[in-house]
Amino acid sequence: MTLFANAELGRNITAQLRPRKLLMVAAICLLLSVCITYAMFFGPANRAPDQIRTTGEELLGISFYVQALILGAGGSIACLNNVFREKDRNSFDFQRLTRLTPLELTLGKLFGAPALMYFICLCFLPITLVGAIAAHARITFFLAAYVALFVSCVALHSLALVFSVLSIRGSQTGGIILLLIFFWLSSFGGVYPGSTFHLGPLGPYSAPHLAVQRTWDVMSKASSEPTVYYGFADEFFDSTVHHFPVLVVVDTLLAAWFLLAVVRNIKRDPAQYELYSPGQFLLFALFSNILLVGFFNWHQYDKDPFHNKNTDYSYVVTLLALNIGVFTLLGLALLRNRERERRILHLRGGAVSLLERLWPAPPLLVGTLAAGALILARSLTSASVTRAELPIEIVRVLFFSFWLIRDFQFLQWAGMRRGKNSLTLGVIYLAVYYICTTTVLEALHLLDGERFAFSGFFLPTAVFSLDQHTFYASHALWIAALVFQVAVAIFFVTLRRGQLAELSAPASAPAPAAN
Amino acid sequence: MIQITHVTKEYDLPPGKEGKLVAADNLSLSVPRGEIYGLVGPNGAGKTTTLKMVSGLLVPTAGKITVNGVDVLEEPEQAQQHIGYLSDFFSVYDDLKVFEYVEYFAHAYKMDSAVIPGRVRQVVARLGLESKYDSFVGGLSRGMKQRLGIARAVVHNPPLLILDEPASGLDPKARTELKDLLRAFHQEGKTIFITSHVLQDLQELCTSLAILEKGKLLRHGKIAEVMREAGRSRRVTVRLAEAGFDLLAWFAARTDVAEVRAGETPATSANFVFPGSDLDLATLVRALVTSGAPVCAVEEHTESLEQLFSRLSSGEVM
């Protein structure tokens, strides 16, 4: 079935694009366009002929900003609401029962849910064209801006669909807020000496900048004009590449990852959701780290008087800190609920394998160590880490890995406890633990000074502040702290034994039922 | 048509309660092709869970379910093309028109595009919604929305209809129409797997029945067999054409009957509980006639499904 013959797409278009509604929307957009164009071109300051081109660029930028807002934010909210509403009104089961494949259903929702937003963008095309003509914009950049707008919005919409599929009653507002934060974050980026990444913005707001570009030439790294660089040339593993293909490739791949999660789950029993398989989890973690390492600015503090190589500042720390976000999101996707665990155990005849006992440690261990290895390898090749510094960086990676495993073993145990919102409670307990521990360690002056190593037992992030001198002065304590993380993780593995035994027990005399 | 094999579905009990809720406890059931198969049980018996598992909407904790020979868990989309499903509580797309709604599902079931318009008209007409063909779904009454739900379930002409409380919220007239419609579907050869709280309707409609309680199958089979098996015995009334034969004494002397009572007209009728088979009853009647009783009628009083269900679900049988 082609995309245009997709029943779900057709339903969304039919419901949203009724002729009367379209006429009304088109009339409003036309009115707005005429007013904006008049105000910009016929205002007292802009009547001079030499101002027309500048005003045209401004108009072009404004119209793309408006479209980015409508399609990016509005379209994402429409996607988020789509499955959520279906679940809320109990009509989603009927879609799950049709012969639409998960991919067809997903694509139908991806392009169908924001159908009205696409139409509104179309209504703003005339004003955009007026701006482009007045600005003498190059047609290739004009088209590239639309491609960038479309691709980045599709990536955001795909993420919104992930939220929508995972949504439960009452989580809609939180989902919208989270999406708007992602939308806002996607507008950041750039390539300048002090930037963390040599990567321009990947969100829809890259389109207005792209539309007013004049040349496809990739600026050389030697340029002394940081603003010339902004957003249009990225550096990937020391190669300078134009931002447009980077945006298209990265956003397409991100959209593909998000859509994979939706396709895997959209027709499943919600109790059996599994965002990614362990293999896909590892690939996504690797993909994220290739982006992080590849676009990372390994020379960001070279010219910064406050940061130089002599201050023992470690780029590895920055990348591991960024990986906290990556592995927290992916790790949460790995966690199993009681229903899923129960079915897995029943399928295996009640036998609890070592993998079940240790879950989710195995994929997390492989993922975090692989990410750490990639970061260390790149650090060595970029000479930001010397061979002498390697042992401490390895300790850092190991600490990072076992720290995450410890916390996720706790969350897996907490999430499998009986009761409502057990995982949410687990996350809250963990947050409370970190706040209290930091406060107490700070009060006891254990976060710096000679007794700094003790903090490593309770607050593994301390290893991020570790320097060579501190490490070698008390390396036995640091190693003990590392072993302590493993011991705590094993403790939670032990706690889960009772849960697994309960779930794998065969149904005996039926308990009171109520459905 | 449906084969349920050792299916178990367990949930956790609500917070604060220990143990687990077993919505289906090692359930094995076979629904033959062409049957109207009723699933009866009190609230919480596991009826909806069973129907959802058969439809592939819920994954069982253990066990296997096939529909028309297709494993629901292994090949859900393949199995679901044989299924038309209606849930007990549902909503429709208020922003679509009646024909658009049915058409959407026809496309979603990947029917041949050329036949869809004709099929949609046919189904809409059959469900009595012609006058609302071009109306928005949002403006339909509860009964009409229920009919629209059935139109959706049958538009792709599935051989199996799974209906969870289809009569809920319908007025008596609509319920009668629904029964007629289901009988018509049955005559066309469709298998219908249905639950309802209106047991009288099920008794009139179903050819087979399964009684569930607390996830366990108490009785199942052809409706007459279930009723008879589940009944401790049947009560039989014998009427004579004229007085003169002492029925009470004759039955009291026999060991194969019990609870002998005088009938409404004590001189000419009596009733008794008879645990034997139909053949045994025929032998008994022949013996009575041979003894000189002018028998003019023998009536069997069967329990209504409602009486049987209330007796079974109160734990008398378990």
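Each chain gets a letter, A, B and so on, in the order its sequence line appears, and its residues count up from 1.
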Which pairs of donor and acceptor atoms, one on a side chain in residues 71-79 of chain B, lie under 3.5 Å apart (sequence neighbours left out)?
residue: B:D71; atom: OD1; partner: B:L73; partner atom: N; Å: 2.9
residue: B:D71; atom: OD1; partner: B:E74; partner atom: N; Å: 3.3

message: Other residues, nucleotides and ligands only: do more than 12 of their heavy atoms fall within 6.0 Å of CZ on B:R142?
response: yes
query: So, A:E8 and B:Y104: side-chain donor and acceptor under 3.5 Å apart, yes or no?
result: yes
- line: Whatever's closer than 4.5 Å to a heavy atom in chain A on B:S87 counts as both
query: Which heavy atom of A:R343 sits nearest a heavy atom of B:P60, and at what distance?
result: NH1-O, 2.7 Å
statement: Rounding to 0.5 Å, atoms CZ (A:R11) and CG (B:L96) come to a distance of 6.5 Å
query: Side chain, backbone, both or neither: which part of B:K52 has an atom under 4.5 Å from a heavy atom of chain A?
result: side chain
Spacing of B:D95 atom CG and A:R18 atom CZ [to the nearest 0.5 Å]: 7.0 Å
query: What parts of residues 83-94 of chain A touch chain B if we use heavy atoms and a cut-off under 4.5 Å?
result: A:E86, A:R89, A:N90, A:S91, A:D93, A:F94
task: Measure the spacing between OG1 of B:T61 and CG of A:L347 and express it to the nearest 0.5 Å.
output: 9.5 Å
field: side-chain hydrogen bond (donor to acceptor under 3.5 Å, both in side chains) partners of residues 259-270 of chain A, not counting sequence neighbours, each pair once
entry: A:R264-A:E274, A:R264-A:Q280
B:E100 versus chain A, the contacting section by heavy-atom distance below 4.5 Å: side chain
Sub-4.5 Å side-chain heavy-atom contact between A:T101 and B:K110: yes
task: Show your reasoning for whether salt bridge (charged side-chain N to carboxylate O under 4.0 Å, His left out) applies to A:R338 and B:E10.
output: CA-CA 10 Å; A:R338 288 175 67 89; B:E10 296 171 2; over 6 Å; no
- prompt: Okay, side chain of A:R99, backbone of B:Q80: is any donor-acceptor separation there less than 3.5 Å?
  reply: no
message: If I measure from the heavy atoms of chain A, does B:Y85 come under 4.5 Å with its side chain, its backbone, both, or neither?
response: both
task: Count the heavy-atom pairs under 4.5 Å between each of B:V59, B:V92, B:L86 and chain A, then report the option with the highest count.
output: B:V59
message: Filter on salt bridge (charged side-chain N to carboxylate O under 4.0 Å, His left out), then keep only pairs touching residues 155-168 of chain B, sequence neighbours left out; what's left?
response: none
field: Separation between OH of B:Y109 and CG of A:L97, rounded to the nearest 0.5 Å
entry: 5.0 Å
- request: Measure the spacing between CD of A:Q95 and OH of B:Y93 and express it to the nearest 0.5 Å.
  value: 3.5 Å
statement: All heavy atoms of A:R96 vs all of B:G56, minimum pair found to be NH2-O, 3.9 Å
message: Taking CZ in A:R497 as the centre, count heavy atoms belonging to other residues, nucleotides or ligands within less than 6.0 Å. Is the count above 12?
response: no
- line: When rounded to the nearest 0.5 Å, the distance separating CG of A:L503 from CG of B:D12 is 7.0 Å
